[in-house]
Amino acid sequence: VWRGVLREYADRLGVTDASTVVTLGEGGTPLIPAPALSQRTGADVYVKFEGMNPTGSFKDRGMTVALSRAVEHGAKAVICASTGNTSASAAAYAAHAGITAAVLVPEGKIAMGKLSQAVIHGGRLIQIRGNFDDCLEIARELADNYPVHLVNSVNPDRIEGQKTAAYEVVSQLGDAPDFHFIPVGNAGNYTAYTRGYREEAERGVSTRVPRMFGFQAEGSAPLVRGEVVKNPETVASAIRIGNPASWQLALEARDATDGWFGAISDDRILAAQKLLAGTVGVFVEPGSAISVAGLLDRAEAGVIPAGAKVVLTVTGHGLKDPQWALRNADGSEVTPTVVDASTSEVASV
Ligand SMILES: Cc1ncc(COP(=O)(O)O)c(/C=C/C(=O)C(=O)O)c1O
């Protein structure tokens with residue numbers, strides 16, 4: 001039986017029987033072969049479906065570590081800024097631990113699924129009239145001046161928990177892949193996978209460290225442009241971040257893995273969301289689908305050798321932000337066929 005990240009990787013995370021463990025059973029997510037994407041690109045493609053975590057995103061891996069250690073140190077309240085998934089995860093783990101979570105989100109820019117989670121789990125929701133970067137600045141100030149424990153990915157506990165996904169990929173695949181594709185907002189997850197893969201290579205569990213390819217939306221691509229984006233804009237609200245909290249760590253990780261950061265248009269992000277759901281059967285929120293769009297982009301560029309082992313991390317379940325699934329490529333509403341129950345025309349549908 002799966003025991004959650006802290007217990008499954010106790011030796012790797014310095015967890016002992018005396019440690020406080022706040023867990024919802026996170027981790028142990030599926031690595032799903034994607035033959036449709038393999039045929040399309042000539043590579044051997046797998047999808048690491050992080051939407052299968054308890055609150056529907058990869059954030060749970062880091063939150064179990066951050067909340068466990070916060071409670072262990074006597075914290076009665078945690079705080080985070082969030083584009084949505086961090087707030088959902090912090091609220092859920094805080095509820096489980098019986099402590100308070102204050103969550104700062106950009107007013108009107110958080111997907112409904114995530115907002116519902118943060119609220120129903122009892123998160124103290126503060127909507128900031130600004131963007132995520134403003135929220136993070138305020139959260140850091142509050143954590144410096146009040147007895148609240150900051151659980152954003154600037155907290156190293158988060159990266160420590162999130163690196164376990166790389167351990168799982170190595171174990172599930174039998175080695176590290178040649179390439180790993182991942183969405184990038186604050187770049188905490190990009191940094192975490194790089195750390196996990198380097199640890200496994202150093203331990204001799206894998207024979208290589210993959211080239212880490214990270215992707216940002218064209219309207220929110222500070223790491224691609226090499227400068228802060230003041231007013232980031234993208235449908236991929238999860239990664240609408242103009243000033244990545246782990247910028248320096250991400251550059252080091254990119255250089256250590258012969259990695260790369262690319263920018264993808266919103267249209268291609270939404271097309272990738274539909275392609276993944278329609279041909280692999282995995283529904284992910286737009287921010288996550290950028291990994292798939294990134295693979296297609298790099299395959300078109302001729303960068304992915306035939307037969308290369310490729311893993312895409314898709315970071316959040318599609319149910320978090322389902323509105324886009326009901327839009328056609330041109331933005332018009334999808335109109336499901338309607339048939340009057342009293343007629344016998346159903347057969348013609
Ligand atoms: C679905 C999804 N995919 C990718 C990212 C980017 O991860 P990082 O590059 O480690 O930031 C996020 C990030 C979300 C938040 O930053 C938040 O919830 O505050 C996400 O929710």
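In each ligand, atom 1 is the first atom listed, and ligand 1 is the first ligand listed. For this chain, numbers begin at 1 and follow the sequence in order.
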Margin query: Strictly distance-based, threshold 3.5 Å: is any side-chain N or O of N53 a donor or acceptor partner for the main-chain N or O of T55?
Written below: no

Note to self: Which of the numbered atoms in ligand 1 are under 4.0 angstrom from any heavy atom belonging to V184?
What the structure shows: 9 (O)

Check: Which option, N189, T191, T83, owns the non-hydrogen atom nearest atom 19 (O) of ligand 1?
Finding: T83

Note to self: Among all protein heavy atoms in this structure, tell me which lies nearest to atom 6 (C) of ligand 1, with the distance rounded to 0.1 Å.
What the structure shows: G185 N, 3.5 Å

Margin query: I'd like to know if E72 and R69 make a salt bridge, using a cut-off of under 4.0 Å between side-chain N and carboxylate O.
Written below: no

Note to self: Which option wins on minimum heavy-atom distance to atom 8 (P) of ligand 1: A187, A238, G287?
What the structure shows: A187

Notebook entry, point to check: Below 6.0 angstrom between ring centroids: does that apply to H180 and Y197?
Noted result: yes

Check: Counting N and O atoms only, with roles assigned by atom type, does the side chain of Y46 sit under 3.5 Å from a partner on the main chain of V310, one being a donor and the other an acceptor?
Finding: no

Item checked: Carboxylate-amine/guanidinium proximity below 4.0 Å for D297 and R268 -> yes

Note to self: Can you classify the ring geometry of F49 versus H317 as parallel (below 30°), tilted (30 to 60°) or perpendicular (above 60°)?
What the structure shows: tilted

Next item on the list: Ignoring angles and geometry beyond distance, decide whether S288 reaches within less than 3.5 Å of ligand 1 through its nitrogen or oxygen atoms.
Entry: no

Next item on the list: Note the single closest protein heavy atom to atom 3 (N) of ligand 1, along with its residue, its atom name and the distance in Å.
Entry: T315 OG1, 2.6 Å

Notebook entry, point to check: What protein heavy atom sits nearest atom 11 (O) of ligand 1, and how far off is it?
Noted result: N186 N, 2.8 Å

Next item on the list: Measure from NZ or CZ of R12 to the centre of the six-membered ring of Y167 and say whether it is under 6.0 Å with the direction within 45° of the ring axis.
Entry: yes

Note to self: Give the atom numbers and elements of ligand 1 that come within less than 4.0 Å of a heavy atom of S82.
What the structure shows: 17 (C), 18 (O), 19 (O)

Notebook entry, point to check: Should the ring pair F215 and W260 be called parallel, tilted or perpendicular, given that the plane angle runs from 0 to 90° and is split at 30 and 60?
Noted result: perpendicular

Notebook entry, point to check: Mind checking whether S87 has an N or O less than 3.5 Å away from an N or O of ligand 1?
Noted result: no

Note to self: Taking 4.0 angstrom as the limit and counting only heavy atoms of F132, give me the atoms of ligand 1 inside it, by number and element.
What the structure shows: 19 (O)

Next item on the list: Within a distance under 4.0 Å of any heavy atom of I239, pick out the atoms of ligand 1 and give their elements.
Entry: 4 (C), 5 (C), 6 (C)

Notebook entry, point to check: Is the side chain of N155 donor-acceptor paired with the backbone N or O of L150 at a distance under 3.5 Å, no angle test?
Noted result: yes

Check: Among all protein non-hydrogen atoms, which one is nearest to atom 13 (C) of ligand 1, and what is the separation to 0.1 Å?
Finding: K59 NZ, 3.0 Å

Checklist line | Heteroatom distance test (G188, ligand 1): nitrogen or oxygen, under 3.5 angstrom | finding: yes

Note to self: Tell me whether K114 has any N or O atom under 3.5 angstrom from an N or O of ligand 1.
What the structure shows: no

Notebook entry, point to check: With a cut-off of 4.0 Å, which atoms of ligand 1 are near a heavy atom of T86?
Noted result: 15 (C), 17 (C), 18 (O), 19 (O)

Next item on the list: Report, in ascending order of atom number, the atoms of ligand 1 lying under 4.0 Å from any heavy atom of G84.
Entry: 18 (O)

Next item on the list: Return the residue, atom name and 0.1 Å-rounded distance of the protein heavy atom closest to atom 7 (O) of ligand 1.
Entry: F58 CZ, 3.4 Å

Notebook entry, point to check: If every non-hydrogen atom of N243 is compared with every non-hydrogen atom of P222, which pair is closest and at what distance?
Noted result: N-CG, 4.4 Å

Item checked: Part of E285 within contact of ligand 1 (heavy atoms, under 4.0 Å) -> side chain

Next item on the list: Please state whether the rings of Y190 and F261 are parallel, tilted or perpendicular, taking 30° and 60° as the class boundaries.
Entry: tilted

Next item on the list: For ligand 1, note which part of I241 has a heavy atom under 4.0 Å away: side chain, backbone, both or neither.
Entry: side chain

Check: Among all protein non-hydrogen atoms, which one is nearest to atom 21 (O) of ligand 1, and what is the separation to 0.1 Å?
Finding: N85 ND2, 2.8 Å

Checklist line | NZ/NE/NH1/NH2 to OD/OE distance under 4.0 Å, R61 and E26 | finding: no

